[in-house]
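What follows is a single structure, written as structure tokens, with notes after it.
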Amino acid sequence: MTAVEINFDGLVGPTHNYAGLSEGNLASERNRDMVSRPRAAALQGLAKMRRLMELGLVQGVLPPHERPEIRWLRSLGFAGTDAQVWEAVWRTDERLARAAIAASAMWTANWATISPSADTDGGKLHITPANLTTMLHRALEAETSGRALRRIFPFAAHHAPLIGQASFSDEGAANHMRLCAEHGAPGVEIFVYGRRASDPPLPGFPARQTLEACQAIARLHRLDPKRTCFIRQSRKAIDAGAFHNDVVAVSCERTLFHHAEAFEDRDAALKEIRAACDFEPEFVEVPSAAVPLGDAVSSYLFNSQLVKTGHGLTLIAPTETRENNRTAPYVNQMLAGGGPIGKVEHVEVRESMRNGGGPACLRLRVVVSDEERRAIPEGFVLTEARIVALEAWVSAHYRETLAPADLADPNLVGETQRALDALTKILPLGDDFYPFQRG
Ligand code: SUG
């Protein structure tokens, strides 16, 4: 079966800000209360999408969610007009207000876990939105993500998010990798978890993904157990700031590019993965001596996108990897070494990086057959004209800056609603996609 991998990038929303909401995400903690630049953030994201299209790749886009999340605040008892709700929550509980305005849905690698139809019994694409239960601000995302994914992939088997309880904490594709001989062939799906539900509470940063969540998704997606691996992420990586596996590993087709300390039991993990493959996998392992975990996390080397281009595999890396004195020489040496990764392209997504979101966090990968691709409503797959329209939309509606004190501004509510309403005329979302449109 011929198939193509489409990267669906999240459009950065108008309320992009630095609220320091994610414990264990060092960038989010460090940059708390910095002044953000929503317009620049969204334009950086669109520039990355354009760059990937220029490389010959198919590029999709996913919409921002409605923020502030007034409907959620109403469910907590805040009342009045939308602007009054917003004023009241700031007077009452700043923590709730900050969660309600986070633009974190931009990191679409956390929207869902997706299994291509070549991997599943029954031959359907399967989608499970992530419940994102570990962080309050992210737990608000699942419903809207699921709604968008149902519109974009009408042919898929859509599952409900797993129960929102700590035993089933799930962060979606950020902890899920796939190896295959080629995109359309049956692949090996690799689920990476940070803890078991039965583990005693662990000191250190939170492990956001449980083994039980991974197992449930593999069952729901009707994966072949012989081609499914469950690998434990190393405690050391989590404590170094790798709050998702995609901060220390990324895969494309036969290649797994990973840090030597990504997995708790490295030898057993690689052996298990190799045994599940009916082709020869290529492990590109980066030793700690070349790139210590701390540099992997601060540069986001592994949060690059690994994509198939005319040059074999290309690493779409954040510009921060060029500025780090361990990753810059390592990448040059890797390219000279003649391995499967033949090229590196740098992209500037600094506004997102400051919240711990690199190039790979900003995209959700979906492998689709030719027939499935034709069933995706036109408009979610980008053309140059649509990128230009989105850029104009951003320039018309987004603020240049958002300082912490600006977040409480009641005008922000109507402003973002008007922006999102206009977006539903550019992307085929319909006029009832956002909660405020449904009244
Ligand atoms: O969940 N940051 C996100 C970053 C997600 C990155 N995604 C992947 N690795 N795939 C998170 O920690 C910070 C928001 C703030 O602090 O304002 C935040 O949610």
Side-chain angles (χ1 to χ4, degrees), residues 7-10 12-13 15-38 41 45 62 64-65 67-69 94-114 130-142 145 169-177 192 194 205-209 233 237-238 240-251 259 262 296-306 318 349-365 402-404 406-407:
N7 287 286
F8 281 85
D9 276 48
V12 177
T15 64
H16 158 63
N17 73 93
Y18 301 113
L21 298 174
S22 286
E23 184 199 352
N25 170 342
L26 302 180
S28 153
E29 291 184 23
R30 264 189 213 127
N31 295 315
R32 183 189 168 103
D33 288 340
M34 257 184 60
V35 175
S36 66
R37 298 190 303 140
L62 296 173
H65 292 190
R67 295 290 180 273
E69 196 6 326
E94 196 173 304
R95 180 169 167 268
L96 292 185
R98 283 177 181 250
I101 198 172
S104 49
M106 71 171 85
W107 298 299
T108 55
N110 301 116
W111 272 35
T113 304
I114 302 206
N131 60 26
L132 294 166
T133 53
T134 307
M135 301 291 160
L136 176 65
H137 65 294
R138 303 225 58 184
L140 307 176
E141 295 173 32
S145 302
S169 300
D170 172 27
E171 300 268 324
N175 292 322
H176 178 247
M177 303 185 288
V192 183
F205 288 147
R208 298 197 198 179
Q209 182 90 28
Q233 192 185 5
I238 295 172
F243 53 95
H244 290 135
N245 171 66
D246 69 4
V247 176
V248 280
V250 59
S251 65
H259 192 274
V297 171
S298 61
S299 69
Y300 261 37
L301 173 63
F302 298 94
N303 205 262
S304 301
Q305 291 175 247
L306 195 53
V349 287
R350 213 173 284 274
E351 282 290 310
S352 167
M353 284 283 284
R354 290 198 174 116
N355 250 338
C361 300
L362 285 162
R363 62 92 175 98
L364 180 64
R365 289 192 278 189
L402 271 179
D406 300 332
L407 299 177

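Atoms within a ligand are numbered from 1 in the order they appear, just like the ligands themselves.
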Checklist line | Residues in contact with ligand 1, criterion: heavy atom under 4.0 Å | finding: N17, Y18, A19, G20, L21, S22, N25, S28, S104, W107, A109, N110, H137, R138, A174, R208, F243, H244, D246, N355, G356, C361
Notebook entry, point to check: side chain to side chain contact (heavy atoms under 4.5 Å, CB included) with T133: which residues, sequence neighbours excluded?
Noted result: N131, S169
Check: In terms of ring plane angle, is the pair F302 and H259 parallel, tilted or perpendicular, where the classes change at 30° and 60°?
Finding: perpendicular
Next item on the list: Please identify each residue that fulfils salt bridge (Lys or Arg N to Asp or Glu O under 4.0 Å) with R30, with sequence neighbours left out.
Entry: none
Checklist line | Test side-chain contact (heavy atoms from CB on, under 4.5 Å) applied to N17 and D406, D33, L407, the passing residue | finding: L407
Check: Which of these passes side-chain contact (heavy atoms from CB on, under 4.5 Å) with V192: M177, H244, Q209, E171?
Finding: M177
Note to self: Applying side chain to side chain contact (heavy atoms under 4.5 Å, CB included), can you list everything that pairs with A173, at least two apart in sequence or on another chain?
What the structure shows: L364
